[in-house]
Amino acid sequence: MVFSKDNMTGIILALLSSVFIGASFIIKKKGLRRAAVVSGVRASVGGYSYLMEPLWWIGMITMIVGEIANFVAYAFAPAVLVTPLGALSIIVSAVLAQIILKEKLHPLGILGCVLCIAGSVVIVVHAPQEHPISSVKEIWYMATQKAFLLYVGSAIVLVFILVFYFAPQCGHLNALVFTGICSLMGSLSVMSVKALGTSLKLTVEGKNQLIYPETWVFMLVVVVCVVTQMNYLNKALDTFNTAVVSPIYYVMFTTLTIVASVIMFKDWDGQNVGSIISEICGFIVVLSGTILLHVTKDMERSSSFRGNYTPSSPTLSTRLFNSNGESHKHEQEDELCSEEADSRRQDLQV
């Protein structure tokens, strides 16, 4: 398959974004460990000494660079191509964690990495070409089509129901509530980010789009959606185990983003059925690899902490619908103790 110049640029930027973001997690964690050794107070218990650690700031800058690359990638390639490639950051993080942090990667985790790479290759090979856009008004026309307005309306109604009805009642009992809000708002934010990124790209090329009010409307939507998305993602991560939140959020966010992009930008128009089916299959393979990586990471953490004492561990579905009360409290304590044990081992090695 021959890639257009824009698609190739988008792919390269998306891959670079995954590398930078995946590496940033490891650099920041290394910085957190150094800060904990110096101050004796970990960030998980309220310490802020990491703000004085240069390595942590290097990790933060690395993450910002990765996010900027991801932002620009949406201006060159379809969201159905860029969004699934974000899973590669998990592979970078897992590999670097084993090399730098000496965190063992479970054999099934290696299989998850292979699945993510294989699925990403399939998606890239069969990805649609980016449709040329000459003005932000074209994007505004796409955003105001009946089909996409129906999607936006449905997403907003669902968000309000989740926020005002389900969140107060079972938000701390069911991980789908907070992650659902994040994913719905995330899909709208990506559409706005792509619109804003395209507008800035055209402006840099000499076609000033900042004079159009539509550009500023898209910018406002990006701010509102991202703030809401981050707020409820933090709530989800604070309430539930990361190994539960991360795969659920990735599956829901990526799926809804692809649906929104197909509706708004007509990404699949002009593609044959075989290419569309191949993209879907590649996406499913990436999802499977992502879930496998997160679940095995949690298994490895639990086994390394408990040693020879291995009580029956709850399944992913059990933790999803019952991660509250004492069981969730113990789960958080186990995770904290495991991190402290890892830190002590690192200190002894130093």
Side-chain angles (χ1 to χ4, degrees), residues 18-67 89-106 109 113 172 175 178 230-247 249-250 293-311 313 319 323 326-350:
S18 295
V19 172
F20 278 106
I21 292 174
S24 72
F25 291 135
I26 306 305
I27 298 172
K28 287 200 295 182
K29 187 167 183 178
K30 191 75 173 177
L32 288 171
R33 286 182 173 180
R34 281 190 182 180
V37 170
V38 174
S39 67
V41 181
R42 295 175 63 84
S44 59
V45 293
Y48 293 97
S49 59
Y50 60 86
L51 294 175
M52 304 299 293
E53 173 56 52
L55 193 59
W56 185 86
W57 282 107
I58 292 173
M60 180 58 69
I61 293 171
T62 304
M63 174 173 281
I64 293 173
V65 171
E67 293 295 350
S89 64
I90 303 172
I91 299 176
V92 174
S93 182
V95 172
L96 291 180
Q98 184 166 10
I99 297 172
I100 298 175
L101 301 178
K102 308 304 179 184
E103 294 180 357
K104 185 178 179 183
L105 184 61
H106 194 281
C113 291
H172 294 279
F178 291 149
M230 291 300 99
N231 178 43
Y232 282 94
L233 180 58
N234 287 333
K235 288 186 178 182
L237 292 171
D238 186 55
T239 306
F240 302 96
N241 193 322
T242 306
V244 174
V245 174
S246 296
Y249 174 60
Y250 179 80
L293 262 172
H294 280 288
V295 173
T296 52
K297 181 172 64 176
D298 189 49
M299 287 166 50
E300 191 64 42
R301 183 190 299 122
S302 299
S303 61
S304 64
F305 168 68
R306 292 184 177 88
N308 294 328
Y309 177 58
T310 55
S313 176
R319 283 181 289 161
S323 50
E326 287 301 312
S327 61
H328 177 61
K329 179 181 178 182
H330 292 318
E331 184 181 60
Q332 289 180 320
E333 291 174 348
D334 287 355
E335 185 174 357
L336 179 58
C337 292
S338 176
E339 291 180 358
E340 291 176 347
D342 289 341
S343 179
R344 292 194 189 99
R345 283 197 296 270
Q346 291 292 325
D347 297 346
L348 290 174
Q349 289 175 1
V350 174

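Predicted, not measured: the structure shown is a model, and the values here were computed from it. For the single chain, residues carry numbers from 1 onward in sequence order. As a basis for the values below, the full set of heavy atoms in this structure was taken, side chains included, without hydrogen atoms, waters or symmetry mates.
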### Task
Quick one: pull up CD1 in Ile27 and CE in Met60 and give me the separation to the nearest 0.5 Å.
11.5 Å
### Task
Quick one: pull up CD1 in Ile21 and CD1 in Ile64 and give me the separation to the nearest 0.5 Å.
11.0 Å
### Summary
Value for CD1 (Ile26) from CG (Leu101), rounded to nearest 0.5 Å, stands at 5.0 Å
### Task
Compare every heavy atom of Ser24 with every heavy atom of Gly59, then report the nearest pair and how far apart it is.
O-CB, 3.2 Å
### Message
With heavy-atom distances below 4.5 Å as the criterion, would you say the side chains of Glu53 and Leu32 are in contact?
### Response
no
### Task
Might you point out which heavy atoms bring Ser93 and Phe25 nearest each other, and give the distance in Å?
OG-CB, 4.1 Å
### Query
What are the two closest non-hydrogen atoms of Lys30 and Ile100, and how far apart are they?
NZ-O, 4.1 Å
### Task
Would you please name every residue forming a side-chain contact (heavy atoms from CB on, under 4.5 Å) with Ile91, sequence neighbours left out?
Leu88, Val95, Cys113, Cys116, Ile117, Leu293
### Message
So for atom CE, which belongs to Met52, do other residues, nucleotides or ligands contribute more than 12 heavy atoms lying within a distance under 6.0 Å?
### Response
no
### Task
Measure centre to centre between the rings of His172 and Phe178, then say whether the value is under 6.0 Å.
yes
### Task
For residues Val92 and Val19, report the shortest heavy-atom separation together with the two atoms involved.
CG1-O, 3.8 Å
### Query
Is the side chain of Thr62 donor-acceptor paired with the backbone N or O of Ile58 at a distance under 3.5 Å, no angle test?
yes
### Message
Using 0.5 Å steps for rounding, measure from the NZ atom of Lys104 to the CD atom of Gln98.
### Response
9.0 Å
### Query
Can you list the residues that meet the side-chain contact (heavy atoms from CB on, under 4.5 Å) rule with Leu51, with sequence neighbours excluded?
Tyr48, Trp56, Trp57
### Query
Under the side-chain hydrogen bond (donor to acceptor under 3.5 Å, both in side chains) test, which residues partner Tyr249, sequence neighbours left out?
Gln229
